[in-house]
Amino acid sequence: MTTQAPLIKQNDQLLRFRCPGCNTEHAIQFGWEETPKWNWNGSFTKPTFDPSVLVTYEGKDAGKDGAPPAVCHSFVKEGRIQFLSDCTHSLAGQTVDLPEWVDTVYTS
């Protein structure tokens, strides 16, 4: 029996996942203590979050000369990430697999 690698990382009530659209990680809170919070199906290999995840950031695809910041808006369902049409990156409107979570170790 093979074991599937996790797609998300949990730190207390924080869940992190790698976003292939932004090429960085996003984090959501789940649980009951703070808001906003998301529902999570409890799976590390086929995670589902509800509601959608909306991130704005100053990325390379951010607007210039007063235009709005870059946007990443998605649903995560059954281990796949569905990018909505208001995303400003190249994966807008597409659904792709979440990449495996790999802890990054920084050395000096």
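- How far CD1 of Ile8 is from OG of Ser43: 7.0 Å, rounded to the nearest 0.5 Å.
- Gln29 is not listed as a side-chain neighbour of Gln13, based on a closest heavy-atom distance of 4.5 Å or more.
- Rounded to the nearest 0.5 angstrom, Ser52 OG and Asp86 CG are separated by 8.5 Å.
- Between Asn39 atom CG and Ile28 atom CD1 the span is 9.0 Å, to the nearest 0.5 Å.
- For the atom pair Gln10 CD and Leu15 CG, the distance stands at 5.5 Å (nearest 0.5 Å).
- Taking all atoms of both residues into account, the shortest heavy-atom contact from Val96 to Pro20 is CG2-CG, 3.8 Å.
- Residues Pro47 and Leu98 have side chains in contact (heavy-atom distance under 4.5 Å, counting atoms from C-beta outward).
- One finds the CG atom of Asn23 at 10.0 Å from the CG atom of Leu91 (value rounded to the nearest 0.5 Å).
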Checklist entry - Passes side chain to side chain contact (heavy atoms under 4.5 Å, CB included), His26 versus Cys19? Steps please. => result CA-CA 7 Å; His26 295 324; Cys19 175; 3.4 Å; yes
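- For Arg18 (side chain) and Val102 (main-chain N/O), a donor-acceptor pair under 3.5 Å exists by modelled atom type.
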Checklist entry - Yes or no on side chain to side chain contact (heavy atoms under 4.5 Å, CB included) for Cys87 and Val71, after CA distance, side-chain angles and deciding distance? => result CA-CA 5 Å; Cys87 292; Val71 173; 5.5 Å; no
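- At distances below 3.5 Å, at least one donor-acceptor pair connects side-chain atoms of Asn41 with backbone N or O atoms of Lys46.
- Linking Ile, Leu, Val, Met, Phe, Trp and Tyr whenever their side-chain heavy atoms come within less than 4.5 Å leaves Phe44 and Phe75 in two separate clusters.
- Under the 4.5 Å side-chain heavy-atom criterion for ILVMFWY residues, no single connected hydrophobic cluster contains both Trp38 and Leu84.
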Next on the checklist: Evaluate Phe49 against Phe17 for ring-ring contact (aromatic ring centres under 6.0 Å, His included), listing each step before the verdict.
Outcome noted: CA-CA 11 Å; Phe49 308 137; Phe17 61 95; 5.6 Å; yes
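- Side chain of Trp101 to backbone of Ala5: no donor-acceptor contact under 3.5 angstrom is found.
- Not one N or O on the side chain of Ser85 forms a donor-acceptor pair closer than 3.5 Å with the backbone of Gly93.
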Item to check | Test log, rule side chain to side chain contact (heavy atoms under 4.5 Å, CB included), inputs Glu100 and Leu7 | outcome: CA-CA 4 Å; Glu100 290 181 4; Leu7 304 180; 4.2 Å; yes
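- Proximity of the aromatic rings of Phe83 and His73 is defined here by a centroid distance below 6.0 angstrom, and this criterion is not met.
- Atom OG1 of residue Thr48 and atom NZ of residue Lys77 lie 8.0 Å apart, to the nearest 0.5 angstrom.
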Checklist entry - Which is it for Phe30 and Lys37 under the side chain to side chain contact (heavy atoms under 4.5 Å, CB included) test, yes or no, and what are the steps along the way? => result CA-CA 5 Å; Phe30 75 99; Lys37 62 182 178 181; 5.7 Å; no
